[in-house]
Amino acid sequence: MLPDPVPGPVPGPVPAPVPPFDPTRPVTLAADETPRGSVALRRRSLEPAGAGEVYELIVNGTFVMDTLETTTERLLARAALAYAPADAALTVVVGGLGLGFTVRELLADARVARVDVIELEPAVVGWVRDGLVPPTAGVLADERVHVHVADVRRRLPALPAGSTDAILLDVDNGPDFLVHRANTEVYEREFLGVVRRALRPGGVVAVWSASRSSALHRRLEREFGTCEEIHRVVPREGRRLDYYLYISRTGA
């Protein structure tokens, strides 16, 4: 009689291979779930190794902006100030904090006495305020900056008439590429009328858009009498993207 076989280990599933570490793959630094969906701050490394790091703002899984290319976010501030009244003490309202580059650019102009930032997501305010975005760390600590966690569609109508010199709107990707469908209202003529009412004579509104919008151009022209479209081609990691600014000014 043959001896019983010695029991061996029971074969199990073969573990999946561990992928090699990829420093260019985005890492989520912080995230928040809101009634409107998700918002996240991510970081990734540039190639080649040691070329730097990029911070990205993602809303509902959609890329909104990053720190790699901020040309038009900064231009939004400069263009508005170029058309603003020549007074030495300007009051500016910014709809949409983003990663803080527009606000930083405004603060670089000594004429700016006050910046009111209206941002819907408290998490975004916290990340910028806490320095999680190194290029704009400290921007909200400037004594000229006043942050309001609110919906720009509700906060702007509460501004006193003729109370501000410039209103900058970068609350979404523009009227034709919305992350939040409710933001359609921001680009409609009724809301643009609210903006005009809040501006002083000679005041400026500047709107950022990820695509050309003839409809927005026409609405601004009808409401303010004039509208300038500024087009910039922005290189981004092998691609060329078209971004637009729309600038209107109230009568002096």
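Numbering of residues begins at 1 and proceeds along the displayed sequence.
Counting heavy atoms from C-beta on, the side chains of Thr67 and Leu99 come closer than 4.5 Å. At least one side-chain heavy atom of Leu220 sits under 4.5 Å from a side-chain heavy atom of Val205. Counting heavy atoms from C-beta on, the side chains of Arg36 and Leu120 come closer than 4.5 Å. Val92 places none of its side-chain heavy atoms less than 4.5 Å from the side chain of Asp165. Residues Leu132 and Val128 have side chains not in contact (no heavy-atom distance under 4.5 Å, counting atoms from C-beta outward). At a threshold of 4.5 Å between non-hydrogen side-chain atoms, the residues Val145 and Val139 do not count as touching. Using a 4.5 Å cut-off on side-chain heavy atoms (C-beta onward), Val94 and Ile118 make no contact. Using a 4.5 Å cut-off on side-chain heavy atoms (C-beta onward), Ile230 and Tyr244 make no contact.
Between the OG atom in Ser214 and the CG atom in Asp176 there is a gap of 9.0 Å [rounded to 0.5 Å]. Remark: Leu192 CG to Arg222 CZ distance equals 11.5 Å, nearest 0.5 Å. Of the inter-residue distances, the one linking Arg129 atom CZ with Thr136 atom OG1 reads 12.5 Å to the nearest 0.5 angstrom. Between Leu76 atom CG and Leu106 atom CG the span is 8.0 Å, to the nearest 0.5 Å.
Listed here is the closest heavy atom pair of Pro85 and Pro201: CG-O, 4.3 Å. Shown here for Leu245 and Ala79, the closest heavy-atom pair between the two residues is CD1-CB, 4.5 Å. Smallest separation of non-hydrogen atoms from Cys227 and Glu221: CB-CG, 3.6 Å. Smallest separation of non-hydrogen atoms from Ser209 and Tyr246: CB-CE1, 4.2 Å. The minimum heavy-atom distance linking Tyr243 with Thr72 is given by the pair CD1-OG1, 3.6 Å. Closest heavy-atom contact between Ser38 and Gly61: OG-N, 4.1 Å.
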task = Report the C-alpha separation of Arg154 and Glu185 in whole Å, then their side-chain angles, then the decisive distance to 0.1 Å, and conclude whether the salt bridge (Lys or Arg N to Asp or Glu O under 4.0 Å) test is met.
result = CA-CA 11 Å; Arg154 305 293 171 257; Glu185 181 182 332; 3.6 Å; yes
Evaluation steps, side chain to side chain contact (heavy atoms under 4.5 Å, CB included), between Asp109 and Val112 = CA-CA 6 Å; Asp109 192 315; Val112 174; 4.1 Å; yes
From CA spacing to verdict: side chain to side chain contact (heavy atoms under 4.5 Å, CB included), Asp172, Val186 = CA-CA 9 Å; Asp172 212 307; Val186 173; over 6 Å; no
inquiry  = If you apply the rule side chain to side chain contact (heavy atoms under 4.5 Å, CB included), what do you find for Leu68 with Tyr55, and how did you get there?
reply    = CA-CA 8 Å; Leu68 180 63; Tyr55 296 80; over 6 Å; no
query = For Leu81 and Arg111, what are the C-alpha separation, side-chain angles and deciding distance, and is it a side chain to side chain contact (heavy atoms under 4.5 Å, CB included)?
reply = CA-CA 9 Å; Leu81 292 176; Arg111 295 178 299 154; 3.4 Å; yes
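Thr102 places a side-chain N or O within 3.5 Å of a backbone atom of Glu73 that can act as its donor or acceptor partner. One N or O on the side chain of Arg219 and one on the backbone of Tyr187 form a donor-acceptor pair closer than 3.5 Å. At least one donor-acceptor pair closer than 3.5 Å links the side chain of Glu119 to the backbone N or O of Glu121. With hydrogens and angles ignored, the 3.5 Å screen pairs no side-chain donor or acceptor of Glu56 with any backbone N or O of Asp66. Although no hydrogens or angles enter the test, the distance criterion places no donor-acceptor pair under 3.5 Å between the side chain of Arg42 and the main chain of Pro26. The backbone N or O of Leu216 sits nowhere less than 3.5 Å from a side-chain atom of Arg189 that would complete a donor-acceptor pair. Remark: the backbone N or O of Pro135 is paired with a side-chain donor or acceptor of Arg104 at under 3.5 angstrom. Between the side chain of Asp151 and the main chain of Arg153, a donor-acceptor pair closer than 3.5 Å is present. Put simply, the side chain of Thr250 gets close to the backbone of Gly203: a donor and an acceptor are under 3.5 Å apart. A donor-acceptor pair under 3.5 Å is absent between the side-chain atoms of Ser248 and the main chain of Phe224, judged by distance alone.
Donor-acceptor pairing under 3.5 Å is lacking for the side chains of Arg212 and His231.
For Arg155, the CZ atom is loosely surrounded, since the number of other residues' heavy atoms within 6.0 Å does not exceed 12.
Residues Val234 and Phe63 do not share a hydrophobic cluster, clusters being chains of Ile/Leu/Val/Met/Phe/Trp/Tyr side chains in contact below 4.5 Å. Taking hydrophobic clusters as Ile, Leu, Val, Met, Phe, Trp and Tyr residues chained together by side-chain heavy-atom distances below 4.5 Å, Leu75 shares a cluster with Met65. When the side chains of ILVMFWY residues are joined at heavy-atom separations under 4.5 Å, either directly or via intervening members, Val171 and Trp208 end up in two distinct hydrophobic clusters. Leu97 and Leu178 are not part of a single hydrophobic cluster, where members link through side-chain heavy atoms under 4.5 Å apart. Hydrophobic clustering (side-chain heavy atoms under 4.5 Å, transitive across Ile, Leu, Val, Met, Phe, Trp, Tyr) keeps Leu41 apart from Val27.
Applying side-chain contact (heavy atoms from CB on, under 4.5 Å) to Leu169 and the options Leu156, Val93, Asn183 leaves one that passes, Leu156. Of the options Arg144, His146, His148, a side chain to side chain donor-acceptor pair (under 3.5 Å) to Asp116 is made by His148 and by none of the others.
Taking the salt bridge (charged side-chain N to carboxylate O under 4.0 Å, His left out) definition, one finds that Arg196 meets it with Glu223, sequence neighbours left out. Remark: Arg197 engages no residue in a salt bridge (charged side-chain N to carboxylate O under 4.0 Å, His left out) (not counting sequence neighbours).
Between Glu53 and Arg44, none of the side-chain N atoms (NZ, or NE/NH1/NH2) sits under 4.0 Å from a carboxylate O, so this pair counts as no salt bridge.
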